[in-house]
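Below, all heavy atoms of this structure are taken into account, side chains as well, without hydrogens, waters or symmetry copies. Chain letters run A, B, ... following the sequence lines, proteins first and then strands; every chain starts at 1.
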Amino acid sequence: MKLTLRVWRQRNASEQGRFETYEATDVSPDMSFLEMLDVLNRDLVERSEEPVAFDHDCREGICGTCSLVINGVAHGPRKATTTCQLHMRSFKDGDTVTIEPFRATGFPAVRDLVVDRSAFDRILQSGGFISVNTGGAPDANALPIGKAEADTAFDAAACIGCGACVAACPNAAAMLFVSAKIAHLSHLPQGAVEHEQRVVRMVHAMDGEGFGTCRNYYECEAVCPKEIPVSFIADMNRGYLKAALTAASD
Amino acid sequence: MNWLTRSLSSSIGNKLLVAITGIGLVGFLVGHLAGNLQVYLGQDAFNAYATGLRELGPLLNILRAGIVLVAIVHVVTAIKAARSSKNARPVAYAKHTRVVSSGNSHSMVRTGLLILAFVLFHLAHFTWGLTHPEHYKLVDGEGRHDAYSMLVLGFQSWPVAVSYVVAMFLLGMHISHGIPSLLQTLGISHPKYRPLLEKSGPVIAVLLVAGFVSIPVSVLLGIVPLPEGVL
Ligand code: FES
């Protein structure tokens, strides 16, 4: 199949970006979206043009490195699918595909489709850990945890930190990511201990990175490749309120 | 008190203020509607209610000051949230598709500001007596402020009735997103009840709007008539 690609090109953070149009001929419906870009880049290199920079690593939907806003949707049109797992059969011959980077103050531009998502690392460093010494790996079931609790923690831990929630959010808010990271620790006994400090620290770190304020559009949940639910945001809001009112001063 | 200012100025704290004041404003709407619906009981009952409100004296002023404060905090914090979102995405997408979010949710600031403008006009009309002083001065047979006739005469004017109905529809749009949104902000959410909580917005909005809109419609249809001998 043939596609017309409108790709965001930007040499560096200080330069203004613009769209370039490329014709992709010979696209197989079995290619992944990133493989399609690989082919485009091979053609660009053969023509001695700069290849398009984009992020990728595992290419199997588990690392959270790939990104892209494809035709206005973070990770493209398929529900619960990362860009690397998106296949070209989701598009029709002759389609025009607009490819943009994740856009947010908290994700400054690096080059072309690559943005700097290290704000997420700094938010995690502010509280996304447990500081009790848990010793060696305990025997299985030495510490009983209810199935429902374990499942909820696991659902939250499915977050791969790709940042699609920020990219999709009309407010460029990071609350789905932060709430998932809080939830996956606080639903387990080792993590529950520091829950209050964690919520306060991570929310303040999130604000400090320049992310917007969630106004409950739920676009994040709709694009999340791991289908993290916005109920975690409600839990975080409640946790923050409770911590603000009752926690010993931080 | 450092913790208080710090908590309230965070993104979640700011949102909580929008939500809590939102509850106050919805509560006010329910009370206001309950009062207004007494117009169906006739001139005597409605004027007795209106006079009763005025006789609250200082308590009425405390309530008024409270609702004004709540409204100001609601507007200021909501605009602050919208502003922070603008700053959070300086370069707009060439193409940004709304996958699930409603038009109502995207127009909260616009509908909110239009409602605010309407409220000022509404106060000038019925509370301050600035727009129709000749209606405001009316007195009923018992010498009371004739709020009933003032209301009927007001809504017999098409521009007043139409602007009121339009404002109520904007209000409906605003609260049908506002109510589920404030519940989420307050952390009231559970997978079991989520569909119910999300529907609460449109349902409450329809009920409130239907109640408010019925009044000018009833006046124009003659269901709520002007008493004999007025004007
Ligand atoms: S490249 Fe690892 S999730 Fe897409």
Quiz prompt | B:R6 versus A:H204, side-chain donor and acceptor atoms under 3.5 Å | solution = yes
Quiz item: Do B:Y136 and B:H132 have ring centres separated by under 6.0 Å?
Solution: no
Quiz item: Which region of A:Y217, side chain (C-beta onward) or backbone (N, CA, C, O), has a non-hydrogen atom less than 4.5 Å from a non-hydrogen atom of chain B, or is it both or neither?
Solution: both
Practice problem: Tell me, out of B:A94, B:P180, B:S102, B:S189, who's got the most heavy-atom pairs with chain A below 4.5 Å. | Solution: B:A94
Self-check item: Winner by heavy-atom pair count (cut-off under 4.5 Å) against chain B, out of A:S231, A:G210, A:P170
Solution: A:P170
Quiz item: Can you tell which of A:E209, A:E221, A:M236 has the highest number of heavy-atom pairs within less than 4.5 Å of chain B?
Solution: A:E221
Practice problem: Answer yes if the side chains of A:N12 and A:S14 hold a donor-acceptor pair under 3.5 Å, and no otherwise. | Solution: yes
Practice problem: Could you tell me the separation between the CG atom of B:L29 and the CG atom of B:L207, rounded to the nearest 0.5 Å? | Solution: 12.5 Å
Quiz item: Quick one: does A:L34's side chain get under 4.5 Å of A:C66's, heavy atoms only?
Solution: yes
Quiz item: Which value, rounded to the nearest 0.5 Å, describes the distance between A:R117 atom CZ and A:S67 atom OG?
Solution: 4.5 Å
Quiz item: Which atoms of A:A173 come close to chain B, meaning under 4.5 Å heavy atom to heavy atom: side chain ones, backbone ones, both, or neither?
Solution: neither
Quiz prompt | Region of A:F19 in contact with chain B, defined by heavy-atom distances below 4.5 Å | solution = side chain
Exercise. Heavy atoms only, distances under 4.5 angstrom: which of B:H177, B:H190, B:H96, B:R98 has the most pairs with chain A? Name it, please.
Key: B:H96
Quiz prompt | Heavy-atom pair count under 4.5 Å with chain B, highest-scoring of A:V166, A:T105, A:T98, A:V73 | solution = A:T105
Quiz item: Does a donor on one side chain and an acceptor on the other come within less than 3.5 Å for B:S10 and A:Y240?
Solution: yes
Quiz item: Of the backbone (N, CA, C, O) and the side chain (C-beta and beyond), which part of B:H106 lies under 4.5 Å from a heavy atom of chain A, both, or neither?
Solution: both
Quiz item: B:N14: what forms a side-chain hydrogen bond (donor to acceptor under 3.5 Å, both in side chains) with it, not counting sequence neighbours?
Solution: none
Quiz item: What residue, out of A:Y218, A:W8, A:F107, A:F211, has the most heavy-atom pairs lying under 4.5 Å from chain B?
Solution: A:Y218
Practice problem: List the steps and the verdict of salt bridge (Lys or Arg N to Asp or Glu O under 4.0 Å) for B:R89 and A:E100. | Solution: CA-CA 14 Å; B:R89 177 164 297 130; A:E100 298 179 71; over 6 Å; no
Practice problem: Taking the side chain as every heavy atom from C-beta outward, state whether A:L40 and A:L37 have any pair of such atoms under 4.5 Å apart. | Solution: yes
Quiz item: Have A:S118 and A:R122 got a donor and an acceptor in their side chains that come within less than 3.5 Å?
Solution: yes
Quiz item: Taking every heavy-atom pair that is under 4.5 Å apart, which of A:P229, A:G72, A:G212 has the most such pairs with chain B?
Solution: A:G72
Self-check item: Top contributor to chain B interface from A:N71, A:N216, A:V203, A:I233 [non-hydrogen pairs under 4.5 Å]
Solution: A:N216
Quiz prompt | Point-to-point distance, once rounded to the nearest 0.5 Å, from OG of B:S214 to CD1 of B:I223 | solution = 9.0 Å
Self-check item: Positions in residues 60-83 of chain B that reach chain A, provided some heavy atom is under 4.5 Å away
Solution: B:A81, B:A82
Self-check item: Contact class of A:A167 relative to chain B, heavy atoms under 4.5 angstrom
Solution: both
Quiz prompt | Contact leader toward chain A among B:I188, B:L16, B:T185, where contacts are heavy-atom pairs under 4.5 Å | solution = B:T185
Practice problem: Sort A:D207 into side chain, backbone, both or neither according to what part of it lies under 4.5 angstrom from a heavy atom of chain B. | Solution: side chain
Quiz item: Do B:H122 and B:T127 touch side chain to side chain, with heavy atoms closer than 4.5 Å?
Solution: no
